[in-house]
Amino acid sequence: MTKQVALILSGCGVFDGSEIYETTLTLLRLDQLGIAYECFAPDVAQHHVINHGTGDEMEETRNVLVESARLARGKVRPLEELSADDFDALILPGGFGAAKNLCDFAVKGEDLELVAGLQDAVQPFHAAGKPIGVMCIAPVMVPKLLGEGISVTIGNDASISGAISAQGGLHKSCEVTDIVVDAANRVVTTPAYLLAERISEAAQGIFKLVERIDSWIEDDKARAAEQD
C-alpha cells in the first residue's frame, strides 16, 4: 500500500465522540481501495459523556484519545504526532464529538474555538494542497481550520449552514448520497448522518468522498512521477 491517509477521531459514539458507522465506512472503503490509514485523536478530556441508551449525560469523565482507541481497535496516536509529511490526505469523520471535543460548536455556535493542536495538525495538509475530506457536522469547523470561502456541505440544516456562512464559509445543500467538491481547495464533504436514515444511505456519500480523495491522490502521484 503506497497511499497513506490520516484520520482525526473525536472519541467513540455518535453523541459524544466520532460517529462509529461513519468512521467504519470510511476505513472500509479506504481498505477496499488499497489505501493504508492511521488514526489520531487529541489527548484531552471529553466535553461530557452520554449514555447512548437513554441520551442522558453521565457523571463521569473520559479521555478522547482513550475512547478513540475503542473505535480504532487500539491503533490510534496522539494528535500532536500527526505530520502532513507522512500522509497523502486527511479525513475527519463526524459525530457530535467533532462539535464537542474537536471544537466547542455545540456550546458557542459560530463563535466556536478549536481544540488545541487541531489547526496546527490540519493546516499543513491544506498548505501543501493535499486532499481533505470532512463529513457530517465536522464541516462546521472548516472556515476556522482552513480559511474562508471554501465550499462545504452539512446537508440542509439551516442553523448549522448559517453558522458556516457566518464564519465566512460557503455552504451548499446536498443529498445524503452525494458530495460537495471544492476542487480549488481540494476539500470534499458529505452530509452522512446529519441526513442519513439508513447505513446504506450514509455509505453512498462516504464512499464517494473516499473515492474522490483516492482520485486526487492518484493525480498527485502521477504528477510526482512525471517530475522524477
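We count residues from 1, following the sequence as given.
Shown here is E175, whose CD atom has no more than 12 heavy atoms of other residues, nucleotides or ligands within 6.0 Å. Other residues, nucleotides and ligands contribute at most 12 non-hydrogen atoms within 6.0 Å of the OH atom of Y21. Heavy-atom contacts from other residues, nucleotides or ligands closer than 6.0 Å to NZ of K172 number 12 or fewer.
N63 places a side-chain N or O within 3.5 Å of a backbone atom of V66 that can act as its donor or acceptor partner. Listed for the S68 side chain is a donor-acceptor partner under 3.5 Å among the backbone atoms of G11. Remark: the backbone N or O of S18 is paired with a side-chain donor or acceptor of S10 at under 3.5 angstrom. A distance-only check finds no donor-acceptor pair linking the side chain of N185 to the backbone of V187 [under 3.5 Å]. At distances below 3.5 Å, not a single donor-acceptor pair connects side-chain atoms of T153 with backbone N or O atoms of V180. K100 places a side-chain N or O within 3.5 Å of a backbone atom of F15 that can act as its donor or acceptor partner. A donor-acceptor contact shorter than 3.5 Å links the side chain of E19 to the backbone of E22. Under a 3.5 Å cut-off, the side chain of Q167 and the backbone N or O of G169 do not form any donor-acceptor pair. Side-chain atoms of K3 never come within 3.5 Å of backbone atoms of G34 as a donor-acceptor pair (strictly under, hydrogens ignored). Proximity of a side-chain donor or acceptor of D16 to a complementary backbone N or O of I50 within less than 3.5 Å is detected.
Atom-to-atom distance recorded for L102:CG and H47:NE2 is 13.0 Å, nearest 0.5 angstrom. Here the CZ-OG1 distance, from F207 to T177, works out to 13.5 Å after rounding to the nearest 0.5 Å. Atom CG in L114 sits 5.5 Å away from atom CG in L118 (nearest 0.5 Å).
Ring centers of Y193 and F96: at least 6.0 Å apart, outside the cut-off.
For T190 against D178, the heavy-atom pair with the smallest separation is OG1-O, 2.7 Å.
The shortest side-chain heavy-atom distance between V142 and I164 does not fall under the 4.5 Å cut-off. Looking at heavy atoms from C-beta onward, W216 lies in side-chain contact with V181 at the 4.5 angstrom threshold. Contact of the I160 side chain with the L194 side chain is registered, since non-hydrogen atoms from C-beta on lie closer than 4.5 Å.
The salt bridge (charged side-chain N to carboxylate O under 4.0 Å, His left out) contacts involving residues 63-74 comprise R62-E67, E67-R70, where partners must be two or more places apart or lie in separate chains. Sorted by first then second residue, the salt bridge (charged side-chain N to carboxylate O under 4.0 Å, His left out) pairs that include residues 79-94, not counting sequence neighbours, are R77-E81, D88-K221.
A salt bridge is absent between E113 and K144: the closest approach of a Lys/Arg side-chain nitrogen to an acidic carboxylate oxygen does not fall below 4.0 angstrom.
Put simply, F105 and V107 are part of two different groups of oily side chains (I, L, V, M, F, W, Y) that touch within less than 4.5 Å, one to the next.
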